[in-house]
Amino acid sequence: MSGVWRWRHNPLRRATDRCEAWLALLAFFLLVLAAPALGWLCGARTDAALQASVRAQRADRHLTTAVVVRRTAATRLVSDPEISSGRVTRTEVVARWQAPDGTPRAAKVTTASRNAEPGKRVRIWTGRDGDPALRPMDMPTAHTHAVLAGVGAAMLAALLIECGRRLLMWRVTRRRYARLDRAWAAVGPDWGRTGTGS
């Protein structure tokens, strides 16, 4: 802004200088106002979509009590950023349970229960048909994804604004050099000769 103010009444200013100053001012306001606004809008829309997805997942999936038949693998620490913001200890077991229609089911599932010995009851996630399902996404994870989407959109907008400013500055500089070349071509051949008035 100080550059624009200084160049207003400078007798040495050129049209390209004014253009450069106003372009920098415009890019500054876009970086300060437009990029954060776009990031906030993207984050808000992403959060709304993820919250709807969380509600849909919670409506379709529910916890079911199953009985462990046998363990199939050692306990391991897993982290699924799609559904949870933390790390959870999961144990893989073969378990049996009843579907909502009363039919018996048995399958290999993972459980967060610390006691997954044969005969123990564990809680697993199942869908409406009674088949094993992934644990639904939790609200903090949805909020985290929305914030990351908003920050990413703001950074991408800032990058595009700066790239656009640099591209326009490159064109302005080329135009400035072209004008200098034309002016030099008009004056240069007679420069320094006696009687030419130069």
Side-chain angles (χ1 to χ4, degrees), residues 27-165 167:
F28 172 76
F29 279 118
L30 287 176
L31 285 171
V32 170
L33 300 175
L38 183 64
W40 178 84
L41 180 64
C42 180
R45 288 184 176 243
T46 303
D47 187 58
L50 288 176
Q51 296 303 324
S53 177
V54 168
R55 288 191 294 273
Q57 288 179 7
R58 290 190 174 179
D60 288 340
R61 304 171 193 175
H62 56 277
L63 280 170
T64 303
T65 302
V67 178
V68 177
V69 176
R70 69 178 187 278
R71 294 177 67 159
T72 61
T75 302
R76 64 186 187 279
L77 192 65
V78 298
S79 177
D80 189 350
E82 293 296 323
I83 59 174
S84 175
S85 57
R87 296 176 70 83
V88 182
T89 302
R90 309 288 295 180
T91 304
E92 191 176 78
V93 298
V94 174
R96 65 177 189 277
W97 66 94
Q98 281 192 345
D101 60 1
T103 57
R105 299 289 176 91
K108 187 184 293 185
V109 296
T110 58
T111 177
S113 176
R114 295 185 179 186
N115 191 357
E117 298 301 321
K120 296 292 184 180
R121 293 182 179 274
V122 294
R123 303 282 279 170
I124 63 169
W125 287 97
T126 60
R128 289 184 176 180
D129 55 1
D131 290 335
L134 292 174
R135 184 167 68 92
M137 182 185 292
D138 54 17
M139 292 290 185
T141 303
H143 288 308
T144 301
H145 287 327
V147 168
L148 290 175
V151 170
M155 292 179 67
L156 180 61
L159 178 64
L160 290 176
I161 291 168
E162 178 60 16
C163 288
R165 185 191 72 82
L167 178 63

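Only a predicted model underlies this, so the values are computations on that prediction, with no experimental measurement involved.
In terms of the salt bridge (Lys or Arg N to Asp or Glu O under 4.0 Å) criterion, Asp129 has no residue partners (sequence neighbours excluded). Scored by the salt bridge (Lys or Arg N to Asp or Glu O under 4.0 Å) test, Asp101 finds no partners at all (sequence neighbours excluded).
Taking both residues in full, the closest heavy atoms of Gly127 and Ala133 are given as N-CB, 3.8 Å, listed atom of the first, atom of the second, then distance. What you find for Ile124 and Thr110 is that their closest heavy atoms are CG2-O, 4.3 Å. Pairing each heavy atom of Val69 with each of Pro118, the nearest pair is O-CB, 3.4 Å.
A side-chain donor-acceptor contact under 3.5 Å links Thr144 to the backbone of Pro140. No donor-acceptor pair closer than 3.5 Å links the side chain of Arg135 to the backbone N or O of Trp125.
In this structure, the separation between CE on Met137 and CZ on Arg55 is 13.0 Å, given to the nearest 0.5 Å. To the nearest 0.5 Å, atoms CZ (Arg105) and CD (Gln98) are separated by 10.5 Å. In this structure, OG1 on Thr64 lies 10.5 Å from CG on Asp131, to the nearest 0.5 angstrom. If you take CZ on Arg165 and CG on Leu30, they are separated by 11.5 Å, rounding to the nearest 0.5 Å.
His62 is listed as a side-chain neighbour of Thr126, based on a closest heavy-atom distance under 4.5 Å.
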For Arg58 and Asp138, run side chain to side chain contact (heavy atoms under 4.5 Å, CB included): C-alpha distance rounded to whole Å, both residues' side-chain angles, the deciding distance at 0.1 Å, then the answer.
-> CA-CA 9 Å; Arg58 290 190 174 179; Asp138 54 17; 4.3 Å; yes
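The 12-atom threshold is exceeded at CZ of Arg123, counting heavy atoms of other residues, nucleotides or ligands nearer than 6.0 Å. Counting non-hydrogen atoms of other residues, nucleotides and ligands closer than 6.0 Å to CE of Met155 gives a total of 12 or fewer.
Only one option out of Val67, Val109, Thr65 pairs with Trp97 in a side chain to side chain contact (heavy atoms under 4.5 Å, CB included); it is Val109.
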Solution key, residues 32-48 side-chain donor-acceptor pairs under 3.5 Å, sequence neighbours excluded:
| from | atom 1 | to | atom 2 | distance (Å) |
| --- | --- | --- | --- | --- |
| Thr46 | OG1 | Cys42 | O | 2.8 |
| Asp47 | OD1 | Gln51 | NE2 | 3.2 |
| Asp47 | OD1 | His143 | ND1 | 2.9 |

